[in-house]
Amino acid sequence: MNIKRNVLLNPGPATTTDTVKLAQLVPDICPREKEFTFMMKGIREDLVRIVHGSLDKYTAVLFCGSGTINLDVCINSLVPEHKKILVINNGAYSSRAVEICRYYHLDYIDLQFPADELPDLELVERELKAHPEIEVVYTTHHETGTGILNPIREIGQMAHKYQAVFVVDTTSTYAMRPIDLEKDHIDFCMASAQKGLMAMTGLSFVIGNKEMIEKSKDYPKRSYYCNLYLQYEYFERTGEMHFTPPVQTVYAARAALDEYFAEGETAKWERHLRVFEAIHKGLEKLGFENVIKREWQAGLVVSVIYPKDKNWDFNRIHDDCYEHGYTIYPGKIAGTDTFRLCALGAIDQEDIEGFFQVFIEALKKSHVEIPVKY
Ligand SMILES: *Cc1c(COP(=O)(O)O)cnc(C)c1O
């Protein structure tokens, strides 16, 4: 089989290997079969291993859905009655979490910081001191809209100092930038198979503290399909997802996990960094400017400001690149016109070099002045 290889520079779904794509072609099977539940057990354990958690203390709970299902699940399941959730918010994904809090009518604090700045931890501590009823502290590890990396280790330590549960959206760092549940003081993190794992869309997972999940048994059930305890309990009792899993996607995730461990945590992270550096190098040569200070970037997403050139038309440049097999992506910052180049997926430095040849041709074709002007 010959599948066209596209280089996706969008923030997920990411470029996958052919072996992961082909892992989906399996004989039809009912997911209630032992063979399938056995495979899911192994996947759940490997997902905990990626973030160095002990299998006695942590578990992974799988859901059928895109990454946002994890935000929904954690937020609606982990806040007991008469308690609060504090969201440390410096970007679009934490704002999404705030919206979820609002839709579930939770008692929440939306602690906002500018999208291009790190949260002020003194202000975080002030909230925790003033509101002992905060049960959950929530933030986003890497705000994928801008590329900024948040100091989760420090935030987690502070959350624990005030006896709060620490939940982190690690969707765009998991299986890329190394994470350690214990050292990073994480009680719950999450991801989706199509990002760091370089597998297919439709499978997401929350990784967290078993005892805390069990404690949430008696918390209000705010969702039928998306409750963490209910899905956990079903997995523990039967080995199955409560409702039909995305069968073929699960096979792809199995293959992707094998490839993850074969490549190795350090080598994989170094590869992503190599891609990230190549993106910066290419952009710098052309005179493009970044939104986020370089030392604050997570090493995975470069958010670029539109040049001031009457001929710059993002969609036109996108379409030209797309025709040649490279996908670039618009930004996600209110009030600033940006686009993004991301270092996710099964790609390496040479792919970025290939991309810049195509990108430069597209700029020339559009008569955008090089180096670009601001
Ligand atoms: C991709 C992503 C999500 C999930 O987005 P979906 O479109 O639902 O898959 C959540 N949080 C972060 C930080 C992300 O990068």
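From a predicted model like this one, the values you see are computed outputs, not experimental measurements. Indexing begins at 1, ligand by ligand and atom by atom, following the structure's order. Starting from 1, each residue takes its place in the sequence as its number.
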Could you check whether any heavy atom of His142 sits closer than 4.0 Å to an atom of ligand 1, since that is the contact criterion I want to use?
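Yes, His142 has a heavy atom closer than 4.0 Å to ligand 1.
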Does even one non-hydrogen atom of Glu143 get within less than 4.0 Å of ligand 1?
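Checking ligand 1 against Glu143, which is what was asked, there is no heavy-atom contact under 4.0 Å.
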For [X] and [Y], does a side-chain donor sit closer than 3.5 Å to a side-chain acceptor?
| X | Y | result |
| --- | --- | --- |
| Asp218 | Tyr229 | no |
| Arg44 | Thr59 | yes |
| Thr16 | Lys21 | yes |
| Tyr58 | Glu182 | yes |

His280 side chain vs Phe276 backbone, donor-acceptor pair below 3.5 Å
no
With nothing but distance in play, are any N or O atoms of Ser66 less than 3.5 Å from an N or O of ligand 1?
yes
Which residue owns the protein heavy atom closest to atom 14 (C) of ligand 1, what's the atom, and how far is it?
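I find the closest protein heavy atom is Lys195 NZ, 3.0 Å.
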Atom 11 (N) of ligand 1: which protein heavy atom is closest, and how many Å away?
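For atom 11 (N) of ligand 1, the nearest protein heavy atom comes out as Asp169 OD2, 2.6 Å.
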Suppose I only count heavy atoms of [X] and a 4.0 Å limit; which atoms of ligand 1 are within that range?
| X | value |
| --- | --- |
| Ser172 | 13 (C), 15 (O) |
| Gln194 | 9 (O) |
| Arg96 | 5 (O) |
| Thr68 | 4 (C), 5 (O), 6 (P), 8 (O) |

Any ion pair linking [Y] and [X] (charged N to carboxylate O, less than 4.0 Å)?
| X | Y | result |
| --- | --- | --- |
| Asp348 | Arg274 | yes |
| Glu211 | Lys215 | no |
| Glu277 | Arg294 | yes |

Please classify the Thr144 to ligand 1 contact at 4.0 Å (heavy-atom distances, strictly less than): side chain, backbone, both or neither.
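For Thr144, the contact with ligand 1 is made by the side chain alone.
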Identity of the nearest option to atom 9 (O) of ligand 1, non-hydrogen atoms only, from Ala193, Pro11, Gly67
Gly67
